[in-house]
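Scroll down for the structure; my scribbles are underneath it.
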Number of protein chains: 2
Amino acid sequence: MTGPEPKEKAKVWATLAEEARRRIRDREWAPGTTIPNEATLAQEWGVSRVTVSRALGKLAEEGLLDRRRRAGTRVVERPQRAASFEVGLIRDEVERTGRRYGYEMIEAGEHQVPEHVRDRLGITTQPRVMRILARHLSGGEPFAWEERWINGGTVPEALDVDWRHQSPNEWLLHNVAYTWADVSLTAALSGPRSSRALGCEEGSALLMLERTTWLGKWSVTHVAYCYAPGHRMWSRS
Amino acid sequence: MTGPEPKEKAKVWATLAEEARRRIRDREWAPGTTIPNEATLAQEWGVSRVTVSRALGKLAEEGLLDRRRRAGTRVVERPQRAASFEVGLIRDEVERTGRRYGYEMIEAGEHQVPEHVRDRLGITTQPRVMRILARHLSGGEPFAWEERWINGGTVPEALDVDWRHQSPNEWLLHNVAYTWADVSLTAALSGPRSSRALGCEEGSALLMLERTTWLGKWSVTHVAYCYAPGHRMWSRS
DNA sequence: TTGGTTAATATGTATATACATAATGCTTCG
DNA sequence: CGAAGCATTATGTATATACATATTAACCAA
């Protein structure tokens, strides 16, 4: 009479991961101690070892557990989860807040490369290099100031682009695949140009994000974004 | 005569993930297009579907692929990988550079809670709150300035700790488990106290990291770190 | 004791298999 | 013609099984 019972085996491994997280949080599995092995937990929880492995593997990824062959799985001493800050397109960042995005080119052209940019781009020869100065707006208000350098040795097409209506980041994302990037964050005082562009006083404290992008072993671009004063990057961990 | 050939089936899924990454990078699998399904790739690569799934799942985690049931797997339009900044103990940060770490308490005691801290801690009542001012040294040089608030309502033990020889972060990590934290980054101008502690001019630009830590729904602590001028946080994506 | 070989063990990877689930697209019915 | 329903399909999850690999622990010889 009982029809085929409604199966509800959804995401067992996620449930187990949650249970393990709870045990760590409540110190049932104390920091530094070794937890029961996969086989034991599999039996206790009535699932296969593979499923337990997936759950614990997830926690290991998050940095809560340290797993080693033969040695077993132990709770890390100080579970410090990395805070992760997403750094994507400025446009997206603005539009996510519901405001209208705007882009204004200030200046673009080939330019001599200063020392610190040359270092970042790993340039030894003297390729043609494009420099673009621009600003990004959020709901009409200044949002960020951009100083962009593009390595013409790696991306010759960039030398002939009209940057007045198209931001370098978007052009590059659509035209150059990149493999990896170095990103750094620092604080800087606004100078004459950036304070004019951002509509703030000279000597304001600005959050500055720099990114150098590489295509294999060739550098593509180096960019410095200075956000308007008071800008805050958020992360939840 | 040929002995048992040396097996070398190490990490097939990682190799496949790498191959898939290459195809995306080289635009064999163009942005926005749907790639062959798991069964096809499994056959092409001579492995099981589960292994293909694991490899592609990894790329999906990295944000390069978008996978949906029935719809298939497609290459995302703009593969923007998140830059991730690790924020742990200042001590570790210093010692990783090979320099000697130092901690100096400047002031500690119960203190009235200013408005902006009250907001961060989500405080409505008037609990006793501890404030600790301190600085962190790297090889004898000022490294960071810390302004710490600890919610005595959540952590009463903190009201009786001697903070002269023990940094709040380390005490908290060893004595309070936390479940999650809000972290934010911003730039600030150094004031009289922080510039004295950091040995810099007033009005320098400082990278400021703030973190609010929660135990369940109770706030534990709010801290602001101001790094010495020129400090840079790095990330590779 | 020292040092190196060996056995035991917990995790890591891979396979075949089965069924669940979500989304698509086709069909059918009003 | 449009909405409802249904079959199809690609991914998602779980299992049992097998073997690989790293590391500890035990053992034995010099």
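Note: hydrogens, waters and symmetry copies are ignored here, and every other heavy atom, side chains too, is used. Below, chain A is the first sequence line, B the second, and so on; all start at residue 1.
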Could you check how far CG of B:Leu41 sits from P of D:dT11, rounded to whole Å?
8 Å

Nearest to the side chain of B:Asn37, heavy atoms from C-beta on, is which of D:dA10, C:dA10, C:dA23?
D:dA10

Atom CZ of A:Arg54 and atom P of C:dT13 are separated, to the nearest Å, by 14 Å

Side chain of A:Arg68: nearest nucleotide among D:dT23, D:dT11, D:dA16?
D:dT23

As a test of understanding, state which of B:Arg91, B:Glu93, B:Glu104, B:Glu146 forms a side-chain hydrogen bond (donor to acceptor under 3.5 Å, both in side chains) with B:His136.
B:Glu146

Give a yes or no on whether B:Trp218 atom CH2 has more than 12 heavy-atom contacts from other residues, nucleotides or ligands under 6.0 Å away.
no

Please report the distance, rounded to the nearest Å, between CZ in A:Arg67 and C1' in D:dT21.
14 Å

Between C:dG12, D:dA16, D:dT11, which nucleotide gets closest to the side-chain atoms of A:Arg69?
C:dG12

Rounded to whole Å, CD of B:Glu61 lies from P of D:dG12 at a distance of 12 Å

Between A:Gln43 (CD) and D:dT15 (C1'), how many Å, whole number?
16 Å

Which label fits A:Tyr227 and A:His231: parallel for a plane angle under 30°, tilted from 30 to 60°, or perpendicular past 60°?
parallel

Side-chain N or O of B:Thr73 versus OP1/OP2 of D:dA10: is the shortest distance under 4.0 Å?
no

In this structure, how many angstroms lie between the C1' atom of C:dG12 and the NZ atom of A:Lys58, rounded?
18 Å

Residue pair A:Pro142 / A:Ala228: nearest heavy atoms and the distance that separates them
O-CB, 3.8 Å

May I have the distance from A:Lys11 (atom NZ) to D:dG12 (atom C1'), rounded to whole angstrom?
8 Å

Name the residue closer to the 5' end of DNA chain C, choosing between A:Arg49 and A:Arg70 according to the nucleotide with the nearest heavy atom.
A:Arg70

Taking for each residue the nucleotide of DNA chain D with the nearest heavy atom, is it B:Val50 or B:Pro36 whose nucleotide lies nearer the 5' end?
B:Pro36

For the side chain of A:Glu38, counting heavy atoms from C-beta on, which of C:dT15, C:dT11, D:dG12 is nearest?
C:dT11

Does D:dT13 have OP1 or OP2 sitting under 4.0 Å from an N or O in the side chain of A:Thr51?
no

Charged tip of A:Arg54 within 45° of A:Trp13 ring normal and under 6.0 Å
yes

